[in-house]
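For the numbers below, each heavy atom of this structure counts, side chains included, while hydrogens, waters and symmetry mates do not.
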Amino acid sequence: MTVRVGVIGAGMIGQDHIRRLTEVITGAEVVAVTDIDADRAAEVAGRAAARAVATGADLIGQPDVDAVLVTSWGPTHAEHVLAAIAAGKPVFCEKPLATEAADCLRIVEAEQAAGRRLVQVGFMRRYDSGYRELKSVLDAGEIGAPLMVHCAHRNPSVPDSYHSAMAAQDTAVHEIDVLRWLLDDEIVAVQVLAPRRTRHAHAELQDPQIMLFETASGIRIDLEVFVNCQWGYDIQCETVGETGLARLPEPARATVRSAGTTRTAVPQDWRERFVTAFDVEFQEWVDAIAVGEPTGPSAWDGYAATVITDATVEALRSGRIVGVDMKDRPAFYAGGTR
């Protein structure tokens with residue numbers, strides 16, 4: 001079957017996913033688009049041979065919309081996801097699932113009341129070939145029990161609108177999700193250290209930050225978030241186990257030797273680094289919808305990520321070690337992709 005998708009939010013990420021659904025993957029068709037900017041919605045819908053719809057509620061109610069993609073402004077996510085659940089329609093929501101943990105819980109409760117998985121959250125790193133290979137190594141016990149994980153998330157630069165809390169909310173959230181998945185373990189405490197601030201950050205931004213996480217089983221994780229590093233979009237992940245070490249591979253790039261140097265290009269943004277992961281993510285989502293229900297990161301994963309990022313922001317502000325106050329995971333989400 002062809003999954004007919006309605007898209008709520010026609011900004012940069014929404015347009016990129018519309019392109020992906022219409023030009024890259026198979027089994028999907030974009031039939032409706034809405035955006036707070038009606039002119040933009042009309043222009044983007046026209047390029048996709050779809051129609052523009054006035055509101056998210058109108059789009060979800062369209063009889064030919066089989067599934068919903070939410071790429072609107074973060075504070076609107078909960079409203080649209082809850083409406084899709086009420087309509088019984090699968091919904092892919094770009095992170096965050098919601099900006100408030102309480103709204104995430106409302107979504108979790110609504111999905112359980114619906115009786116089946118409808119929600120998938122856009123944590124694309126789980127679909128990256130390198131992370132998947134790393135996951136298979138850990139699951140097979142090839143390095144023994146994991147003891148420590150060293151990570152880095154570096155951007156060349158960010159705009160002045162980027163503030164210190166966004167290091168957790170918009171940046172580290174990807175590591176938070178993928179580490180829960182890689183380790184099959186829950187983060188229970190967090191501390192944030194503030195090194196010397198780079199001169200490339202504006203006065204209100206603490207950059208870099210070092211985030212220290214502890215899991216329920218005692219694994220220690222250190223994550224460097226450095227969003228004005230200048231040299232590129234640089235993602236690192238190294239797990240140290242009892243009998244070995246597993247490291248995330250670098251993106252495949254040609255090595256050039258010239259003029260007495262050896263050099264390898266570094267990706268410059270997240271789209272370049274994870275373009276294939278996005279493609280795989282959406283192909284698997286569409287395939288799963290066609291035969292049943294979503295199988296990727298769940299509403300519970302979205303809730304967990306929000307609770308942990310909230311604790312990380314509090315740790316930065318307070319200078320204390322902050323415990324993660326998370327509800328017990330419902331049986332409904334047992335055996336999922338976590």
Side-chain angles (χ1 to χ4, degrees), residues 1-97 107 116-124 126-127 269-272 274-299 302:
M1 63 171 287
T2 296
V3 176
R4 299 169 297 181
V5 180
V7 180
I8 301 175
M12 178 183 66
I13 189 68
Q15 291 181 45
D16 195 43
H17 289 337
I18 289 170
R19 176 198 60 79
R20 184 167 284 110
L21 289 166
T22 56
E23 300 178 11
V24 179
I25 73 168
T26 60
E29 176 188 4
V30 175
V31 296
V33 178
T34 190
D35 190 86
I36 192 170
D37 183 334
D39 291 338
R40 180 166 62 187
E43 191 268 328
V44 172
R47 292 204 310 262
R51 65 184 178 279
V53 179
T55 68
D58 290 339
L59 182 142
I60 291 166
Q62 298 289 307
D64 64 340
V65 170
D66 302 316
V68 179
L69 169 60
V70 177
T71 56
S72 54
W73 186 44
T76 69
H77 286 188
E79 167 194 351
H80 299 313
V81 172
L82 286 166
I85 293 172
K89 295 186 178 184
V91 52
F92 184 108
C93 182
E94 270 299 346
K95 61 89 180 168
L97 175 63
I107 292 168
R116 65 187 182 101
R117 280 278 312 272
L118 291 167
V119 179
Q120 180 165 324
V121 184
F123 291 122
M124 78 294 184
R126 299 190 189 197
Y127 299 87
D269 63 28
W270 52 270
R271 287 165 294 188
E272 182 182 0
F274 288 112
V275 61
T276 301
F278 278 115
D279 294 346
V280 174
E281 175 186 42
F282 273 88
Q283 187 65 69
E284 292 192 13
W285 178 63
V286 167
D287 291 346
I289 296 303
V291 299
E293 58 188 43
T295 58
S298 67

Shortest non-hydrogen contact from [X] to [Y]?
X      : Y      : value
Ala32  : Ala50  : N-CB, 3.9 Å
Glu94  : His17  : OE2-NE2, 2.7 Å
Ser298 : Val121 : O-CG2, 3.5 Å
Val30  : Val33  : CG1-CG2, 4.0 Å
Thr2   : Ala28  : CG2-C, 3.9 Å
Gly296 : Gln120 : N-OE1, 3.3 Å

Can you measure from [atom1] ([X]) to [atom2] ([Y]) and round to the nearest 0.5 angstrom?
X      : Y     : atom1 : atom2 : result
Phe123 : Leu97 : CZ    : CG    : 8.0 Å
Gln15  : Asp35 : CD    : CG    : 8.5 Å
Lys95  : His77 : NZ    : NE2   : 9.5 Å
Arg40  : Thr34 : CZ    : OG1   : 11.0 Å
Ile8   : Thr55 : CD1   : OG1   : 8.5 Å
Arg20  : Asp16 : CZ    : CG    : 4.5 Å

Taking side chain as C-beta onward, heavy atoms only, is [X] less than 4.5 Å from [Y]?
X      : Y      : value
Glu284 : Arg126 : no
Leu118 : Arg116 : yes
Ile107 : Val119 : yes
Pro294 : Ile289 : yes
Ile25  : Leu21  : yes

Between Gln283 and Asp279, do the side chains contain a donor N or O and an acceptor N or O under 3.5 Å apart?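 No.
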Applying salt bridge (charged side-chain N to carboxylate O under 4.0 Å, His left out), which residue pairs with at least one partner in residues 63-76 are found, sequence neighbours left out?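 Every pair satisfying salt bridge (charged side-chain N to carboxylate O under 4.0 Å, His left out) with a residue in residues 63-76: Arg4-Asp66, Arg51-Asp64.
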Among Val5, Val24, Leu69, find the one that has a side chain to side chain contact (heavy atoms under 4.5 Å, CB included) with Phe282.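 That would be Leu69; it is the only one of Val5, Val24, Leu69 passing the side chain to side chain contact (heavy atoms under 4.5 Å, CB included) with Phe282.
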Name of the residue among Thr71, Ile85, Val70, Val68 meeting side chain to side chain contact (heavy atoms under 4.5 Å, CB included) with His80: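 Testing His80 for a side chain to side chain contact (heavy atoms under 4.5 Å, CB included) against Thr71, Ile85, Val70, Val68 leaves exactly one candidate, Val70.
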Which residues pass the side chain to side chain contact (heavy atoms under 4.5 Å, CB included) test with Ala83, sequence neighbours left out? Ile60
Could you check Val31 against Gln62 for side-chain contact (heavy atoms from CB on, under 4.5 Å), going step by step and ending with a plain yes or no? CA-CA 10 Å; Val31 296; Gln62 298 289 307; over 6 Å; no
Under the ring-ring contact (aromatic ring centres under 6.0 Å, His included) rule, what do Trp285 and Tyr127 come out as? Steps first, then yes or no, please. CA-CA 11 Å; Trp285 178 63; Tyr127 299 87; over 10 Å; no
Give a yes or no on this: more than 12 heavy atoms of other residues, nucleotides or ligands lie within 6.0 Å of atom CD1 of Ile13. yes
